[in-house]
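The structure presented is a predicted model; accordingly, all values stated were derived computationally and were not measured. Residue numbers start from 1 in every chain, and the chains themselves are labelled A, B, ... in the order their sequence lines are given, proteins ahead of strands. What's counted below: heavy atoms across the whole structure, side chains too, no hydrogens, waters or symmetry copies.
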Amino acid sequence: MTTTPLHDWNLSPKDAIALQKRLAGRVEREDRLAEVRHLAGVDIGFEQDGEITRAAVVVLAWPPEIGGEFSVVERVVHREPTRMPYIPGLLSFREVPAALAAFERLNVRPDLVMVDGQGIAHPRRLGVASHLGLWLDLPTIGVAKSRLCGRHAEPGAERGEWTALVDGADDEVIAAVLRSRPRVKPIFVSTGHRVSLPTALEWVTACLWRTKLPEPTRLADRLASRRGGEGDQTP
DNA sequence: GCGACAG
DNA sequence: ATCTTGTCGC
């Protein structure tokens with residue numbers, strides 16, 4: 001029998017694009033969440049001039065402690081040789097394999113995942129957050145620091161204010177351009193998989209502390225770039 | 001043909 | 001993404 005693979009990391013750009021178009025149809029944009037007890041953040045960093053890909057996953061307990069501090073339940077870092085260069089629109093083929101390897105080493109299966117990158121706010125509606133969510137069959141939210149496609153008005157100056165990111169001739173709403181911090185460049189929040197945009201916005205704003213990025217993504221970012229936190233967890 | 005372009 | 005010093009602010 002024939003099974004459409006969720007990914008084949010050795011596809012030519014042309015075939016990768018065709019695969020994205022097919023997979024986009026499987027993405028669920030409505031809520032289908034279980035009770036959330038564990039929130040995860042994922043990000044990918046690089047070492048040695050990009051030769052090594054470093055995937056980081058941080059799992060946090062929900063809800064946070066009184067005062068807003070999140071307790072870290074688990075941290076995983078997975079390193080492997082980089083398999084392909086960065087090509088706008090094909091980011092998932094570069095980053096998802098490493099992210100999946102990191103998830104395999106997780107002891108806790110998170111209920112919701114925030115990914116550094118776009119969800120459906122992508123030319124073919126299959127950004128890295130959607131692709132990863134589809135593969136893991138977990139609810140995911142895309143949290144990007146900049147725009148890949150679409151048009152939008154500048155959101156208001158107050159924290160929490162947002163405008164719609166629209167794309168296509170039909171002005172399809174594909175993300176929320178959110179002012180996560182006053183005076184700071186807004187972030188792009190979009191549906192990854194199994195989460196609606198309103199719900200995605202609620203979760204992201206609930207995880208904002210005094211920073212531009214929500215805690216899950218911020219901590220994964222630091223771990224992937226080996227700034228704060230610790231280093232590798234390899235025995 | 002000319003820009004735009006997640007990380 | 002990554003390379004990097006000082007600097008402004010809580």
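- The listed nucleotides are C/dC10, B/dC5, B/dA6; the one nearest the side chain of A/R210 is C/dC10.
- Counting non-hydrogen atoms under 4.0 angstrom, A/G45 reaches the backbone sugars and phosphates but no base.
- The CD1 atom of A/I17 sits 15 Å away from the C1' atom of B/dA6 (whole-angstrom rounding).
- Put simply, CG on A/L126 is 16 Å from P on B/dG7, counting in whole angstrom units.
- Distance A/L148 CG to C/dA1 C1': 15 Å, rounded to the nearest Å.
- For the residue pair A/D116/A/T217, the side-chain donor-acceptor check at 3.5 Å is not satisfied.
- A/H131 has its NE2 atom 16 Å from the C1' atom of B/dG7, to the nearest Å.
- Checked against a 6.0 Å centroid threshold, the rings of A/H78 and A/F103 do not count as neighbours.
- With its ring centre under 5.5 Å from that of the base six-membered ring and a plane angle below 30°, A/Y86 counts as stacked on B/dG7.
- A salt bridge does not link A/D43 with A/R222: every distance from a Lys NZ or Arg NE/NH1/NH2 to an Asp or Glu carboxylate oxygen is 4.0 Å or more.
- When heavy atoms are screened at a 4.0 angstrom cut-off, A/G142 is found touching no nucleic acid atom at all.
- Computed from coordinates, the A/R183 CZ to C/dC8 P distance equals 15 Å when rounded to whole Å.
- Salt bridge A/R54/A/E47: present, at least one basic N to carboxylate O contact under 4.0 Å.
- At the phosphate of B/dC5, OP1 or OP2 sits under 4.0 Å from a side-chain N or O atom of A/R147.
- Residue contacts shown for A/D116 are limited to sugar-phosphate atoms, with no base heavy atom under 4.0 Å away.
- One atom, CD of A/Q118, and another, P of B/dA4, lie 18 Å apart when rounded to the nearest Å.
- Ionic pairing of A/R179 and A/E154 is present here: one or more N-O contacts between side-chain nitrogen and carboxylate oxygen are shorter than 4.0 angstrom.
- Taking 4.0 angstrom as the limit, A/K145 places none of its side-chain polar atoms (N or O) nearer than this to OP1 or OP2 of B/dA6.
- Atom CG of A/D49 is separated from atom P of C/dT4 by 10 Å (rounded to the nearest Å).
- Nucleotide B/dC5 holds its P atom 22 Å from the CZ atom of A/F93, rounded to whole Å.
- Checking B/dA6, B/dG7, C/dT2 against every side-chain atom of A/R94, the shortest atom distance belongs to B/dG7.
- Note on A/S146: a side-chain N or O is less than 4.0 Å away from OP1 or OP2 of B/dG7.
- In this structure, A/E47 reaches neither bases nor backbone, as no heavy-atom distance under 4.0 Å exists between it and the strands shown.
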